[in-house]
Every structure is written in structure tokens, then in C-alpha cells.
Amino acid sequence: GDVLACLGAFMATHALLTGVTSERLRSVCFTVADWLRQSDSSSFRVASWMESRRVCRFCGAAHLNHARIAAYLGDHAVKNRTAFYNNLLELQHIREPKPFFAKLCMMVAKMNTPVFRLELLQYVLGLDCRFSLEALRACLHFALECSERLAHGSEPEAVLVDAPEAGGDHLGRNSSAASSAEGGPRMGFRRFTS
């Protein structure tokens, strides 16, 4: 819990300050806009729901989709992703950590069972599938707390530079989040439908 939040905050902050998030946000905005462009088709939305049961691009495991099919048959998924897209456009213009993480905290606070949106945020921030919605919320809140304390010239309770090394998460596993910060997962995000 705490170690994962610390690692995630470190990786997300590193991705932001090195410009990685800026490039990935542009790609992700294209992906979401493409989904919205096709979302008038109910068959496309159903196919999108089915596609979200695919094998995870991070770990190779088959993650079950908890999204309700009813959300895709109606306009709920479209409304969620339209709001998500508008928030991503706003994020593209934010460069400072404090407002950036504050915006992200607001975004994830409103999510219930995201699949597509969660995976895109994991990619943008250089994180992997260990960062569930709950874990993502924790690491973003920690990143926001650190940025707020540093903005006021005070030390955060846990200093980010003491976070686990990029090569591992201190839990005996190599962190694929680390490789994400370099070149990101080798994914075809423009082909996402879910």
C-alpha cells in the first residue's frame, strides 16, 4: 500500500517533470477522440465492452471487466469518456506538479469502474497494472501532498527521492513501471476500442 503509493508518486512526478506525460497525453487524446468519433454505433460500443476483457498489455493476465454492458448500450460510457477527454485536454496545458496532480485527483475521484480510462492514465503516468483505481488514487494524493508541501517550502512527510529505485519496487519484483517511464509500454493505443 504505502510502498506502492510512494513508488507511483515518484514515477508519475518523474514522468511529468521529464516531459513524458506531455507526449503521451497527446497520443491518449487522439485515442479517446477516435473512440468518441465511432461511439454513435451501438455495435461499436458493444465490441468495445467485449474488447475490454482482453489480456492485459502489462502483465499478460486476463483481467475481468467490471464495467456493466448497460453502460455501453446506453450513453453512460459515452458521457464518461467525453468528460474524460475534456479533462485530458485541460491536463495538456498544465506543467506544474501541484495543479496537475490536483486535476488528476479530481478526475479519479469521480470514477467508479474504469477500464479504458484507468489503463490510459496508467500509461500517461508511467505506471503498470498493479495500480488499480484505489492504488492510483493513493499515489496521486501522495504526489499532490508532496507537491503542495514543496510549493510552500516545507518537506513532505516522505521524501520522493527516497522512493524505491526505478528497477524494482522493494517487494522482490522488477517494476515494469520503471520501463514505462523510459519508453512506455509497447502498446498500440490508437487501436484501443474499449
Side-chain angles (χ1 to χ4, degrees), residues 8 11-12 15-16 19-95 99-137 139-140 176-177 179-181 183-194:
M11 299 303 295
L16 174 64
V20 171
T21 57
S22 179
E23 180 180 344
R24 291 182 179 179
L25 274 169
R26 285 193 295 271
S27 175
V28 165
C29 282
F30 179 91
T31 299
V32 181
D34 188 54
W35 190 94
L36 291 172
R37 180 179 57 81
Q38 301 178 70
S39 65
D40 285 343
S41 165
S42 58
S43 60
F44 170 80
R45 296 196 304 274
V46 172
S48 172
W49 177 80
M50 294 177 65
E51 171 66 11
S52 63
R53 292 176 175 269
R54 66 191 180 282
V55 171
C56 176
R57 287 170 169 80
F58 289 110
C59 70
H63 295 323
L64 291 177
N65 174 21
H66 299 292
R68 293 171 298 131
I69 183 64
Y72 289 75
L73 291 174
D75 63 354
H76 188 69
V78 176
K79 288 180 178 178
N80 280 343
R81 294 180 185 186
T82 299
F84 182 63
Y85 177 68
N86 290 331
N87 283 323
L88 291 176
L89 292 178
E90 292 180 26
L91 274 179
Q92 282 190 294
H93 302 290
I94 303 175
R95 296 290 184 268
F100 183 81
F101 290 121
K103 180 70 175 178
L104 280 170
C105 285
M106 180 274 293
M107 289 170 62
V108 299
K110 297 179 179 179
M111 295 181 179
N112 293 314
T113 56
V115 177
F116 179 70
R117 291 172 293 159
L118 176 61
E119 195 170 37
L120 292 182
L121 287 180
Q122 289 166 339
Y123 171 68
V124 166
L125 298 171
L127 308 177
D128 60 32
C129 62
R130 286 174 296 160
F131 290 87
S132 62
L133 180 60
E134 182 180 355
L136 180 62
R137 283 172 175 159
C139 86
L140 290 175
S176 55
S179 61
S180 300
R186 293 175 176 82
M187 305 180 186
F189 274 100
R190 295 186 179 185
R191 296 194 295 275
F192 274 14
T193 56
S194 60

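The figures here come from the full heavy-atom set of this structure, side chains too, leaving out hydrogens, waters and symmetry mates.
Between the CG atom in Leu25 and the CG atom in Leu121 there is a gap of 8.5 Å [rounded to 0.5 Å]. With values rounded to the nearest 0.5 angstrom, Cys29 atom SG is found 12.5 Å from Asp34 atom CG. To the nearest 0.5 Å, the span separating OG on Ser27 from OH on Tyr123 amounts to 5.0 Å. With rounding to the nearest 0.5 angstrom, the CG atom of Leu36 is 4.5 Å from the OG1 atom of Thr82.
No more than 12 heavy atoms of other residues, nucleotides or ligands shown are found within 6.0 angstrom of CD on Glu23.
Residues Trp49 and Leu73 form no side-chain contact, since every pair of their non-hydrogen atoms from C-beta on lies 4.5 Å or further apart. Side chains of Leu136 and Gln122 form no contact here, defined as non-hydrogen atoms less than 4.5 Å apart. Arg137 has its side chain within reach of Leu133: a pair of non-hydrogen atoms, C-beta onward, lies under 4.5 Å apart. Looking at heavy atoms from C-beta onward, Thr31 lies out of side-chain contact with Tyr85 at the 4.5 angstrom threshold. Looking at Cys139 and Leu125, their side chains never come closer than 4.5 Å, going by heavy atoms from C-beta outward.
Annotation for Ser22 and Arg95: closest pair OG-NH2, 3.7 Å, computed over non-hydrogen atoms. Taking all atoms of both residues into account, the shortest heavy-atom contact from Arg81 to Val32 is O-CG1, 3.7 Å. Looking at every heavy atom in both residues, Thr21 comes nearest to Val124 through CG2-O, 3.2 Å. The two residues Phe84 and Leu120 have their closest heavy-atom pair at CE2-CD1, 4.0 Å. Minimum heavy-atom separation, Pro114 to Leu118: O-CB, 3.8 Å. The two residues Ile94 and Phe100 have their closest heavy-atom pair at CG2-N, 3.4 Å.
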Quick one: side chains of residues 103-110, donor-acceptor pairs under 3.5 Å with protein atoms, not counting sequence neighbours, listed by atom name and distance.
| residue | atom | partner | partner atom | Å |
| --- | --- | --- | --- | --- |
| Lys103 | NZ | Asn87 | OD1 | 2.9 |
| Lys103 | NZ | Glu90 | OE1 | 2.6 |

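Considering Asn80, Leu88, Val28 as possible partners of Arg117, the one that fulfils the side chain to side chain contact (heavy atoms under 4.5 Å, CB included) test is Asn80.
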